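Bear in mind the structure is a predicted one, so any value in this text is a computation, not a measurement. Per chain, numbering begins at 1; letters A, B, ... match sequence-line order.
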Amino acid sequence: MKYTLEIQKILYQVDDDKSLSPKDKIRLLKQAAAFADENEDIEWGYDVRLQLIRECYALASATDLITEFNWVLNAYESHPDWFNENDFLWQYKWVLREMYENPQVSMEQITAIMDDFKMRLLRNGYGLRAYYDRLYDETLTLGQYEKAKEYLDLRNESSDDAMGSCPACTLDYEIDYYLLTNQFEEGYNRAKPLIDKQYSCAHVPARTFCSLCYHADKEGKSDIATKINSLAEEEFLELFAENDESLLAPIAMLICYLFGVNEAKAWSYVEKTIPWYTESSAHAQYNYAAYLTEGLKKLTSDAPVKLNLPPDFSLYTPTHTYAPATLKSWFKAEATRQAAAFDARNNCHAFTQRVAAL
Amino acid sequence: MENKNQYVFQVNLKGMIALLSEHIYSNPGTFVRELLQNGIDAITAFRSLNEFLEGTIHVYLKDNGSMVFEDNGIGLKEDEIHKVLTVIGESSKRGELDAKDFIGRFGIGLLSCFVVSNEIVFETRSALSKDSLRWCGKADGTYETIHLDYELPIGTRVMLTPKAEWRHLFEYDAFKRNLDFYGNALPYPIYLHKDEQTEQINDLQPKWLTPGSSKEELLAYGRKTFQSSFLDAVQIKTVAGEIQGAIYVLPFKTQFSGRLTHRIYLKRMLLGEEDCRLLPPWAFFVKCVFNAESLSSTGSRESLVNNEELRKAQKEIGEALKAYLKSLINTDRDLFNKILDIHFLHVKAIAVEDNEMFGLFMDTLPFETNKGIRNFGTIRRNSPVVYYTTNLDDFKQVRRIAFSQGLLVINAAYTFDESLLKKAARLYVDMELEEISPARILESFTDAAYTSHPEYTAFEKRCNQTLESFGCICKLKHFTPVDTPVIFIAGEKDTKKKELPPLANPINSILGAFAPKTVQTPPTLCLNLDNDLIDTLITLDDPVVFEAILRILYVQSLLLGKYPVNNEEMNLFNESLYQLIVMKMTDLLGTLHKN
């Protein structure tokens, strides 16, 4: 059969078969890319990889995203007249996030890539909203709140364009600032359009609900936490069904809350999400481990729990029985290990200080 | 400041009807369902006052194309008639029926009639009043109420004259089809009248709702309703949602993404033909007929609200389906095998989800191996180590080599296979699972004795120099079968990937940070030390002949392994062959001349 037909057959299967998980789709699309490569067909290779990259959004591991995106970028640079840079600028934002989330990527490399992204935005007629968005998010993660606010203002001053986040994501990112700077009421009030589902996106409001629930609980606003938790549960019904592994870190916030109010539910979420842990980005692992450490501290008893965890999980036992204290120590060690790697890269102590306080 | 300018929104009835017909209801025949629903609600409301009432619905199709829909339910009082269109939407709950709910819903039902008729007339007498009334409403929102000077029986008669474009819906066969479609499970008799002809539409005791119906009766119903000869049928009952009905096992293979039609009823009124999430996601191999007594419908009354109760019901149905399959293993093994032959993918999906089902089914499930399709039980008995590949590329490469090594390898590139194998490795303590790749097979070949044979090192070096331009390395190994001189093993998970030249792209520099943890094997041409040809090649000094033979062996190994061969490689193959032929011919001619 002609290879182009083979490729189209795979693309049809990927589009049409609703039962395929993101991993299955990526596996198929890689086969399609291999057909294109075997036949030295760069145009098909490019198209297939664009779709492959889109599917990577729901994956915990960034390996495929970065590898395939790099291929696409090289294809564009080799044949700028064949392809349109706009095809992949949106996905470039995902790459930016991933490089920050991997402590093996140095600050020099990050700066070079951010400059490259900025250059591509400007030469395609876009503003710097997407660029500042990333800087805002990263400085917020590092606890540099004043700097984060500066970037947030710069972002808001930049004109909105096709590279800017959608209203739902924009609002979701913004709310984080208020929640992290002890302005819960302000954050909660601003989140109203998301709570009322006037705005929504792939992971929003699910992500917002996790954050709101966690912070409401920390603020002692249990009514709000209860209400938001039930909204979050509705959102996760769909997302769990889709096996969206990229939600590992936000769910950890919800799990942390649930350990204080509904242990059985918390364990069921742990069981569901630990299989995603191994392949997740270092940053997602760090957050997950930190929130779980915090959540497990809320348990009043160390009675063993039965969890169906995968064999590649470090603490796996064939009896499926786990002691919460062992899990807590392990997650704390994981959080500490990752925090050290991030702080070394970021040249600060923000992550290790957070873990030390747990 | 006091706000004195308060207004009430004016809702345009015409716009509402357009909204209903174009967006909310999926087809114009919906008015039949709404009329039936009104009739049933009225009868139910009356039966709450008089439990001996024998509710009936009569539909009369007139010669002039109009229709009369008559029920002997509770009827409406004058003040309730005025409320009919004013309380629409006030309550849409499907719980206990009180008068207010009934009126609100009655109004919604009437609105749907405006989709097919410009005017609605209904005559009614309430069980709680002696007044006989006629209400005449128009699509522009105006209506009038008249007190009749004669006494109507208790109940309601709705009279519709169809718009020209919907006249066909009021023809006998079309109307009967719609009545049957929506109302065939309703608990009160529905009679359709035309001229002198009267026909009861519904079966008051449908077999699929009757406990203890025989398999033959259920299958007969399935054949009639779905036009399919099912493999089997089984009755189902749940606590959540109070669902009762039957599940039919399809006699043909279905796609997970395919759309199957079912029959879902709510309080015995047809809700729709989609499964409304009542079936678990893996149950694409069955059709169902279900009636739910205590679930809620969506605004369009064509689907169920996805709430906790629905999810519980889905879980119960899933459990029942698993229990059914489980029981078949003991009671009807032939049928189970037949189901497995057709629907093994769905059974795999169940086994992935459920440990108990896994234990029961795993050994019977078929897997693709390098020795053909084998069930897992056979594979497990074949060797304590179960080998598998996770992608088709690896399987294609490994298949041939593994066969010669006597290994049985599963192609686990298919949906669920890898998950099932990993689950098996966890649950069966005596089983070892090993992911196999071409590189691992290469490792399993016996190394050449380089120390005692220094010529091997020199030979490998010559080979590497010859094939350097192909990015391929050469290794001398002992392997079987001995008549195979060379085997080509492509780079792991990197089958001939076309790498583009790295350019001024800063992301090139971070690839290492995201590289998979495993070390990749470069493409390798494995030369068999046990093969005579290779043995001779090692001693061959003529560099031209040596290179020509090695290149031929290289391209031949690509062809045998079904790897793609590019133009450059093919040209080299042809040139080398040509070279050898010419050399041999020259030798031959030289010998002839000498003689």
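Within a 6.0 Å sphere centred on CZ of F252(B), other residues, nucleotides and ligands contribute more than 12 heavy atoms. More than 12 heavy atoms of other shown residues, nucleotides or ligands fall within 6.0 angstrom of atom CZ in R345(A). Within 6.0 Å of NZ on K423(B) lie more than 12 heavy atoms contributed by other residues, nucleotides or ligands. Within a 6.0 Å sphere centred on CG of N84(A), other residues, nucleotides and ligands contribute more than 12 heavy atoms.
Note that CG of L427(B) is 6.0 Å distant from NE2 of H320(A), once rounded to the nearest 0.5 Å. Note that the CG atom of N308(A) and the CZ atom of R426(B) stand 5.5 Å from one another [nearest 0.5 Å]. Here CG of D24(A) is found 9.5 Å from CD of E418(B). Values are rounded to the nearest 0.5 Å. Between atom CD of residue E308(B) and atom CD of residue E234(A) there is a gap of 10.0 Å, rounded to the nearest 0.5 Å. If you take CD on Q104(A) and CD1 on I510(B), they are separated by 11.0 Å, rounding to the nearest 0.5 Å.
Contacts with chain B were tallied for V105(A), V95(A), D115(A); V105(A) has the most, counting heavy-atom pairs under 4.5 Å.
Residues N74(A) and N508(B) meet the side-chain proximity criterion, which asks for heavy atoms closer than 4.5 Å.
Of the atoms belonging to L96(A), not a single heavy atom falls under 4.5 Å from chain B. Within the 4.5 angstrom heavy-atom criterion, no atom of F117(A) approaches chain B. Residue contact with chain B, scored on non-hydrogen atoms closer than 4.5 Å, involves the backbone and the side chain of E98(A) alike.
Closest approach of A112(A) to P506(B), counting heavy atoms only: O-CG, 4.1 Å.
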